[in-house]
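Remarks on the structure that follows.
Along the sequence shown, residues are numbered consecutively beginning with 1. In listed order, ligands and their atoms are each counted from 1.
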Amino acid sequence: VLELAYRCPDCEPLTKLALTPDRDLVKCRICSQERALRQDAWQDGGITHCVVCGTEDLYSQKDFPQGLGLAILVAGFGLSSLFWLWYMPIAAFGVLIASVIVDAILYALVPDVVICYRCLSQYRGNGSNPSGRYRNFDLAVGERYRQERMRVEELRRQRQSQDPCA
Ligand SMILES: [Zn+2]
Ligand SMILES: [Zn+2]
């Protein structure tokens with residue numbers, strides 16, 4: 001199953017749904033705004049571009065909260081320092097090594113999530129990254145789309161201030 005987590009331009013929370021080639025609409029669970037989905041993105045059961053905004057720029061990353069891996073290492077290091085202070089060097093090394101191992105295991109077990117640079121839609125599961133075509137986050141590409149999002153946001157603000165009823 002391929003799952004789409006859709007980020008409505010007006011709402012922060014994600015709307016999650018099972019994505020199939022025949023689905024042509026996504027509806028925000030907060031504001032009920034509907035958006036048409038592209039059905040030309042499918043090829044051999046995978047997606048070749050974002051079904052929401054159509055861009056081919058998507059990136060892949062590990063699907064766990066950002067900073068969790070680092071937090072485990074930092075916690076391990078902190079605990080290890082305590083054992084060191086308590087004159088328990090074996091426990092100190094043990095904790096340090098254990099935290100590195102846990103981190104490595106987590107990294108290996110946790111699946112990937114594919115994210116659209118432009119609209120930040122997320123894709124999980126079968127077909128989200130056919131033949132590994134989507135690579136890790138690229139700073140230059142990410143920056144380009146971040147600036148595009150800021151311009152779009154700016155335009156929307158201008159429109160709203162000109163016409164308060166819009
Ligand atoms: Zn919404
Ligand atoms: Zn997109």
Side-chain angles (χ1 to χ4, degrees), residues 1-75 102-166:
V1 189
L2 178 55
E3 183 198 74
L4 165 68
Y6 163 71
R7 191 181 294 271
C8 165
D10 296 321
C11 307
E12 270 298 299
L14 296 167
T15 300
K16 291 185 177 178
L17 54 101
L19 190 64
T20 48
D22 58 334
R23 184 181 282 276
D24 57 358
L25 211 65
V26 61
K27 189 173 173 183
C28 173
R29 68 185 166 93
I30 303 296
C31 69
S32 296
Q33 195 184 125
E34 290 181 338
R35 178 157 183 167
L37 294 181
R38 304 169 66 105
Q39 290 174 291
D40 57 357
W42 291 84
Q43 201 175 72
D44 303 325
I47 49 162
T48 57
H49 48 262
C50 178
V51 298
V52 177
C53 73
T55 181
E56 290 180 14
D57 291 322
L58 295 97
Y59 63 93
S60 173
Q61 70 175 36
K62 283 290 166 184
D63 192 13
F64 58 46
Q66 269 180 355
L68 178 62
L70 189 65
I72 291 172
L73 288 183
V74 169
V102 166
D103 220 40
I105 291 175
L106 254 186
Y107 194 81
L109 287 182
V110 168
D112 290 335
V113 55
V114 169
I115 303 174
C116 174
Y117 278 106
R118 177 181 279 151
C119 70
L120 305 179
S121 293
Q122 303 172 0
Y123 299 88
R124 289 179 176 82
N126 287 339
S128 61
N129 197 357
S131 320
R133 64 187 291 141
Y134 305 124
R135 307 279 173 195
N136 288 340
F137 185 78
D138 184 305
L139 257 185
V141 181
E143 181 59 21
R144 185 152 49 84
Y145 281 107
R146 193 180 67 85
Q147 296 197 357
E148 182 189 279
R149 274 197 301 279
M150 277 166 27
R151 273 197 305 273
V152 169
E153 183 59 34
E154 182 61 29
L155 282 175
R156 187 159 57 200
R157 260 202 302 273
Q158 282 175 8
R159 238 191 351 252
Q160 277 169 353
S161 62
Q162 281 161 9
D163 182 4
C165 300

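Using a cut-off of 2.8 Å, one finds that His49 contributes no N/O/S atom close to the Zn ion (ligand 2).
Rounded to 10°, the angle that SG of Cys31 and SG of Cys11 form at the Zn ion (ligand 1) is 110°. Expressed to the nearest 10°, the angle at the Zn ion (ligand 2) joining SG in Cys53 with SG in Cys119 is 120°. Annotation: angle subtended at the Zn ion (ligand 1) by Cys8 SG and Cys28 SG is 110°, to 10°.
The main-chain N or O of Arg118 is found under 3.5 Å from a side-chain atom of Arg149 such that the two form a donor-acceptor pair. Of the possible polar contacts, one joining the Thr48 side chain to the Ala41 backbone as a donor-acceptor pair under 3.5 Å is found.
Remark: Arg151 does not engage Glu154 in a salt bridge, criterion side-chain N to carboxylate O under 4.0 Å. Salt-bridge check for Arg144 with Asp138: failed, with every basic side-chain N at 4.0 Å or more from each acidic carboxylate O.
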